[in-house]
Amino acid sequence: MKKTSQHGEWSSRLAFVLAASGSAVGLGNIWKFPYITGENGGGAFVLVYLVCILVIGIPIMMAEIMLGRRGRQSPVNTMRDLAKEAGGSRFWSLLGWLGVVAGFLILSYYSVIAGWAMAYVVRVGSGVFDGVTADGVSSIFGQFVADPEKLLAWHSLFMILTMLVVARGVKGLERTVKFLMPALLMILILLVVYAMDQGSFQQAVSFLFEADFSKITSDGILTAMGHAFFTLSLGMGAIMVYGAYLPSNISIGSTTVIIALADTAVALLAGLAIFPIVFANGLEPGSGPGLIFQTLPIAFGHMAFGSIFGTLFFVLLFFAAWTSSISLIEPAVAWLVENKNMSRMRACIWSGLVTWFVGIGTVLSFNIAADLTLFGKTFFDILDYLTANIMLPLCGICIAIFAGWVMSKEATSDELNLKSPLLHTSWLFLVKFVCPLAVVIVFLKAISVI
Ligand code: TRP
C-alpha cells in the first residue's frame, strides 16, 4: 500500500537532490561552520564534526527521508500514522511538533543573519570596502549590527521573500537551485584561490586539519554534533517533509550520500576561503557570528573586480540561505494546510508572522539587548544553543529510535531498498545503537555528568 502526497512530488531525482542540498547548504556551511570552528580551536573540532556527519548524520538523514516517504504528509501526521501502522504510541506525533517548534525558532534567527547577507550585497556592490583595512571592515560591521532598525528592515524583507516562495509551493525552487548551487560553488572556489595566493594558506590548513585535542572541550563536541544535524537540516522534519514528496523509485541511500558530500565540501571550502584571510590580517578566528562579514570584504576590497565578485558572493549566500529557510517553515505550513484546512497562502502568512515576531528578539540581541544575558548568552545565543545543540540532536535520536526499534525491519528494508542486505544491517545497527548512544554520551559529557 503506497501512499501519495497531497502536496505533489518532485519531478526527478535531480530535483530532489537539488532541493535537499539547497536545504542543507546554507548559512550553516558558510557563516556558522567557520565561526564555530574558530571558537572551538580548529582541527580537532573539524574532525569530530566530520565523524558526526559520517556516523550520525548520514544514517539519520536516510531514516528521515524514509519516514517522510512512507508517511507522505507533514511530519506531525506522518509520525502519527507510521506509529499507528507499527503499533507504537501515538505520542510519537509529538516528535513532529517538536520539529515544527524548532523550525520556527531556527528560522527566526536564520532570517536575521540572511538579512545581513542581503545588506552586504548592497555594501560590497557600492564599493564601501574598496581598499579598506581589516580594522575598517570590522568597524563597518560593528556599526551595522548596532543599528536595530536596519537589521529589522532586512529581516522583514527576507521573511517576506521566504514566505512568497513557500506560498507558491516548492516547484519554482527546483529551477532556481539548479543554477544557484553550481554558481555558489564556483565563487567559493575562486575565493579559495584568492586565499591561497594572498592569505596565510598554510597556516589555515594546519588550523583546520591538524587536530590538537587539548583545544576541544565537551561543549565543543556537543557543538560539533549539533552542527552536524544543523548543516544537514536534520532533526526537525525538514528533510522528512522533502522526503514526503520523493517519488517511490528513487534510491534513498545513494541520494543521501551525494547530499552529505556536497554539504561537507561547501563547508570545508568556506573554511579554506576564510581562515587564510583571518590569519594574514591578524584577525581573531574566535570572533563569533561576524567572522565572514569581517573577513571576506577584506579579500573583495583588494581583489581585481572585487566589488563584482563580492556582490555576487553575497547574492549567492543570500540564495543559499533562501533555499534553506524554505525547508525550515515547510513542515509547519504543510501541517496547517492538512489539519486546519487553510489555504497555502493563509498558512504562510500566519507562520511567517510568528517567525518574524520571534526574530525581533535576535535583532535586538546584537544591539539594545546585547547585555541582557542568561548564563552569559544573549537571546540569539540561547536560541542557537537550544535549537542546534539540544532540540535537533534530541529529535534526531528519536527519529533513529523510531526507525530502528519501532518500525519493522520489513518496512524499513522495503522503503530504503538498499543494494545489499549487509548495507541494511549496517544502517540498522547505526540507527539502533550507535546514533542514540553517541548522542546521549555527548549530552551527558556536556552537562559534565561523565
Ligand atoms: N542546513 C541549513 C544550513 O546549514 C539550515 C537548515 C535548513 C536547517 N533546514 C533546516 C537546520 C532544518 C536544521 C533543520 O544553513
Side-chain angles (χ1 to χ4, degrees), residues 18-37 49 52-53 56-58 60-61 63-65 68 74-75 95-96 98-117 158 162 165-166 170 173 177 180-181 184 188 223-243 256 259-260 262-271 289 292 316-334 351 355 383-396 398-399:
L18 289 170
S21 339
S23 161
V25 176
L27 296 175
N29 306 61
I30 298 168
W31 160 74
K32 192 172 180 192
F33 172 72
Y35 92 74
I36 55 176
T37 300
Y49 155 77
C52 290
I53 294 277
I56 306 180
I58 291 182
I60 292 190
M61 187 181 242
E64 239 194 271
I65 299 176
S74 69
L95 188 56
L98 205 57
V100 168
V101 175
F104 273 123
L105 296 180
I106 296 176
L107 183 55
S108 77
Y109 73 79
Y110 203 84
S111 163
V112 175
I113 312 292
W116 295 4
F158 185 80
T162 297
V165 176
V166 182
V170 277
L173 205 72
V177 238
L180 293 178
M181 301 319 283
L184 181 73
L188 214 47
T223 305
M225 182 184 76
H227 188 64
F229 283 96
F230 185 89
T231 192
L232 293 178
S233 303
L234 300 179
M236 59 133 296
I239 287 294
M240 197 185 287
V241 85
Y242 276 18
T256 300
I259 299 165
D263 186 78
T264 309
V266 173
L268 294 178
L269 282 172
I292 66 163
L316 293 169
L317 182 62
F318 150 64
F319 277 123
W322 203 7
T323 54
S324 299
S325 60
I326 283 150
S327 71
L328 282 162
I329 198 90
E330 177 67 18
V333 171
S351 46
T355 318
L383 269 192
D384 175 39
Y385 194 87
L386 185 72
T387 50
N389 294 8
I390 297 172
M391 294 177 87
L392 299 180
L394 203 64
C395 289
C398 294
I399 286 168

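When a ligand or atom number is given, it counts from 1 through the structure's own listing order.
Using modelled atom types, one finds no donor on one side chain facing an acceptor on the other under 3.5 Å when comparing S327 with S233.
The aromatic rings of F230 and Y110 are tilted relative to each other, their planes meeting at an angle between 30° and 60°.
Protein residues with a heavy atom closer than 4.0 Å to ligand 1 are S23, A24, G26, L27, G28, N29, I106, Y110, F230, T231, S233, L234, M236, A238, S324, S327, L328, L392, listed by chain and number.
Applying the salt bridge (charged side-chain N to carboxylate O under 4.0 Å, His left out) definition to pairs two or more places apart or across chains, those involving residues 24-35 are K32-D384.
Distance check: I329 CD1 to T355 OG1 gives 3.5 Å after rounding to the nearest 0.5 Å.
For D263, there are no salt bridge (Lys or Arg N to Asp or Glu O under 4.0 Å) partners two or more places apart in sequence or in a different chain. Listed by chain and residue number, M391, C395 satisfy the side chain to side chain contact (heavy atoms under 4.5 Å, CB included) test with L98 (two or more places apart in sequence, or in another chain).
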